[in-house]
Amino acid sequence: MKFDPASQIQDLHQFGEFGDVNPSITDSATYTFLQAKTMTDTFQGEAEGCFLYSRHWNPSNKYLADAMAAMEGTEAAWVTASGMAAITNTILQIVNAGDHIVSSITTYGGTFAFLENYLKKFNVDVTFVDITNLEAVKAAMRQNTRIIYTESMTNPMLQISDIPALSTIANEYNAQLVVDNTFTPMIVNPARLGAHIVVYSMTKFINGKNDCVAGAICASADFINSLIDVNSGTAMLLGPVLDPLRSSSILKNIHTLHIRMKQHSYNAMYLANKFTEAGLSTSYPGLPNHPGHEVLTKMMNKEYGYGGMIAIDLGTAEKAAEFMEEMEANDVGYLAVSLGYFKTLFSNSGKSTSSEVPEEVQHDMGMSEGLVRFSVGLDNDIERTWQRIKLSIKNKEGILK
Ligand SMILES: *Cc1c(COP(=O)(O)O)cnc(C)c1O
């Protein structure tokens, strides 16, 4: 039987205490016990189905975590108060002082800043590589490499990571392959392709409403339990727990994720073709000329398409700014960071989400200062949106030169 992330979620049986079709929201920080011994057992992780304190586990968070684990096909998951919390807690749980990480040079700006600036505090060394160059990845590996870190589809260049190949390299060195799958939920299931840990910013496509910030870590039960160990678990001790009111609202949104991803992908493919025909320098993994097209085609669950992200290159930051303002004036969408929203969002990566990345590194990444990243929305009439973009191009003559 084919693994289908949406069907996995639909097969969950999650009810509230009165048969509520949506699980109850557990609005409590602490929990009572009738027997003192059960409390002791719970502390030691030996009492099935008991909850102790909401920094450790909250039932509402457990429902959402179970849905994330089902979607990824992992044994377990844990939900966090942000995507950055998922990423930083995962990394800090794995590495010790003196360890080494190999990371894609194109990652989310916050992740890059954490790896490049923050981990120095702990004497953890990071080598940045072009993650699509497997020889470079191999050459960067050391005996003390504990993590290969990448994004399935990297931000903002939309490079595609060859997860099975990276997994093979990681396994040779007994390292963990950690994959941020924020751009491609449902489309790619990194854990099924050999990733050891999958991290998410649920702020983006998974929640899809831009009404909160949240994250998730999907992994083996052993890893999740180690994260929340009362004595040594990074998540338990740093405490980046998600609020249960939020997790219950995200859980409801997950149930429409498969429909949304298909529409984001359909609309993005449509625009990517139109952009190309109009002569714009266009990067979209669904186009056969994209360097990662073949790798993604091999890895993906095809029915969800190639995702909602497109990057176009206008050459200069000035042209990018003019074009984005014009598109906003013509109701194409919003000039805003973030992604996975029902409206189309666009931003100039170099001046926004990748501004933590120094200019010379942006240059090494092949990132132009005129790069405009689109998160294509759920527009019901994408042809109408294209007409508005065309009008924006026309009004800003010179954009194409
Ligand atoms: C937004 C984002 C993050 C950070 O997530 P937050 O929820 O904002 O903390 C990490 N990785 C990627 C790829 C992102 O797009």
Side-chain angles (χ1 to χ4, degrees), residues 1-9 67-77 83 86-87 90-91 94 101-104 106-108 111 129-138 141 145-155 157-202 204-206 216-224 257-258 261 265 285-286 290-309:
M1 266 270 287
K2 176 169 91 79
F3 181 90
D4 173 40
S7 303
Q8 290 278 113
I9 292 172
M68 291 300 294
M71 180 174 92
E72 286 310 316
T74 55
E75 283 175 354
I87 293 162
T90 296
I91 293 171
I94 299 170
I101 295 173
V102 174
S103 172
S104 167
T106 59
T107 58
Y108 178 70
T111 307
V129 294
D130 171 356
I131 205 72
T132 62
N133 181 347
L134 296 171
E135 291 310 313
V137 175
K138 279 183 209 161
M141 296 299 286
T145 305
R146 300 295 313 280
I147 295 175
I148 298 180
Y149 187 90
T150 193
E151 297 170 356
S152 311
M153 185 184 285
T154 71
N155 182 50
M157 303 297 295
L158 313 181
Q159 282 180 312
I160 304 298
S161 297
D162 186 337
I163 297 168
L166 292 168
S167 171
T168 304
I169 301 172
N171 287 334
E172 264 169 48
Y173 284 81
N174 232 346
Q176 305 285 302
L177 175 62
V178 179
V179 178
D180 179 338
N181 199 43
T182 299
F183 280 28
T184 47
M186 303 237 157
I187 298 170
V188 178
N189 284 115
R192 311 241 339 142
L193 296 163
H196 302 95
I197 299 165
V198 184
V199 290
Y200 273 105
S201 168
M202 296 199 290
K204 317 294 171 53
F205 289 105
I206 289 187
I217 303 165
C218 306
S220 66
D222 276 354
F223 185 74
I224 297 301
L257 178 61
H258 59 296
M261 290 316 293
S265 291
H290 187 281
H293 179 72
E294 239 170 81
V295 177
L296 181 54
T297 303
K298 226 169 34 194
M299 293 192 303
M300 71 195 283
N301 298 315
K302 303 218 169 22
E303 63 192 287
Y304 301 105
Y306 288 87
M309 306 302 293

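Excluded from the calculations below are hydrogen atoms, water molecules and symmetry mates; all remaining heavy atoms, backbone and side chain alike, are included.
The CD1 atom of I169 sits 5.5 Å away from atom CG of L166, with the distance rounded to the nearest 0.5 Å. In this structure, the separation between CG on N133 and CD on Q159 is 10.0 Å, given to the nearest 0.5 Å. Summarising the geometry, atom CD1 belonging to I94 is positioned 8.0 Å from atom CD1 belonging to I101; distances are rounded to the nearest 0.5 Å. The line from OG1 of T145 to CG of N174 is 11.5 Å long, rounded to the nearest 0.5 Å. The structure places OH of Y304 at 13.0 Å from OG1 of T184, a figure rounded to the nearest 0.5 Å. For the atom pair OG1 (T107) and CD1 (I131), the distance works out to 10.0 Å, reported to the nearest 0.5 Å.
Residues P190 and S152 approach most closely at CG-OG, 3.8 Å, considering heavy atoms. Looking at every heavy atom in both residues, L134 comes nearest to A165 through CD1-CB, 3.6 Å. The nearest pair of heavy atoms linking F183 to F205 is O-CE1, 3.6 Å. Shown here for K138 and Y173, the closest heavy-atom pair between the two residues is O-OH, 4.4 Å. Heavy-atom minimum distance, E75 versus A221: OE1-N, 2.7 Å. Taking both residues in full, the closest heavy atoms of A216 and A86 are given as O-CB, 3.5 Å, listed atom of the first, atom of the second, then distance.
A distance-only check finds a donor-acceptor pair linking the side chain of E151 to the backbone of Y108 [under 3.5 Å]. Side chain of N301 to main chain of M186: a donor-acceptor pair is present (N/O by atom type, distance under 3.5 Å, no hydrogens or angles). A distance-only check finds no donor-acceptor pair linking the side chain of D130 to the backbone of A136 [under 3.5 Å]. Of the possible polar contacts, none joining the S167 side chain to the I163 backbone as a donor-acceptor pair under 3.5 Å is found. Of the possible donor and acceptor atoms, one in the side chain of H290 sits under 3.5 Å from a partner among the backbone N and O of L158. Without hydrogens or angle criteria, T168 side chain to P164 main chain gives a donor-acceptor distance under 3.5 Å. At least one donor-acceptor pair under 3.5 Å links the side chain of T74 to the backbone N or O of A76. Side chain of S201 to main chain of T182: no donor-acceptor pair is present (N/O by atom type, distance under 3.5 Å, no hydrogens or angles).
The closest side-chain heavy-atom distance from N155 to M309 is not below 4.5 Å. Annotation: side chain of D4 is in contact with side chain of E303 (closest heavy-atom distance under 4.5 Å). Taking the side chain as every heavy atom from C-beta outward, Y200 and E72 approach each other to under 4.5 Å. Residues M141 and V102 form a side-chain contact, since some pair of their non-hydrogen atoms from C-beta on lies under 4.5 Å apart. N189 is not listed as a side-chain neighbour of L193, based on a closest heavy-atom distance of 4.5 Å or more. Using a 4.5 Å heavy-atom cutoff, the side chains of V198 and M68 are not in contact. Contact annotation: the side chain of S161 never approaches that of V179 to less than 4.5 Å [non-hydrogen atoms, C-beta and beyond]. Taking 4.5 Å as the limit, some side-chain heavy atom of V199 sits within range of a side-chain heavy atom of V178.
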Decide yes or no on side-chain contact (heavy atoms from CB on, under 4.5 Å) for I206 and M71, but give the supporting numbers first.
CA-CA 11 Å; I206 289 187; M71 180 174 92; 3.9 Å; yes
Working for side-chain contact (heavy atoms from CB on, under 4.5 Å), residues M299 and I160:
CA-CA 10 Å; M299 293 192 303; I160 304 298; 3.7 Å; yes
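Checked by atom type, the side-chain pair D222/S220 shows no donor-acceptor distance below 3.5 Å. A donor-acceptor pair shorter than 3.5 Å can be found between the side chains of Y306 and T297.
With T154 as the partner, the side chain to side chain donor-acceptor pair (under 3.5 Å) test is satisfied by one option alone out of D180, T132, T106: T106.
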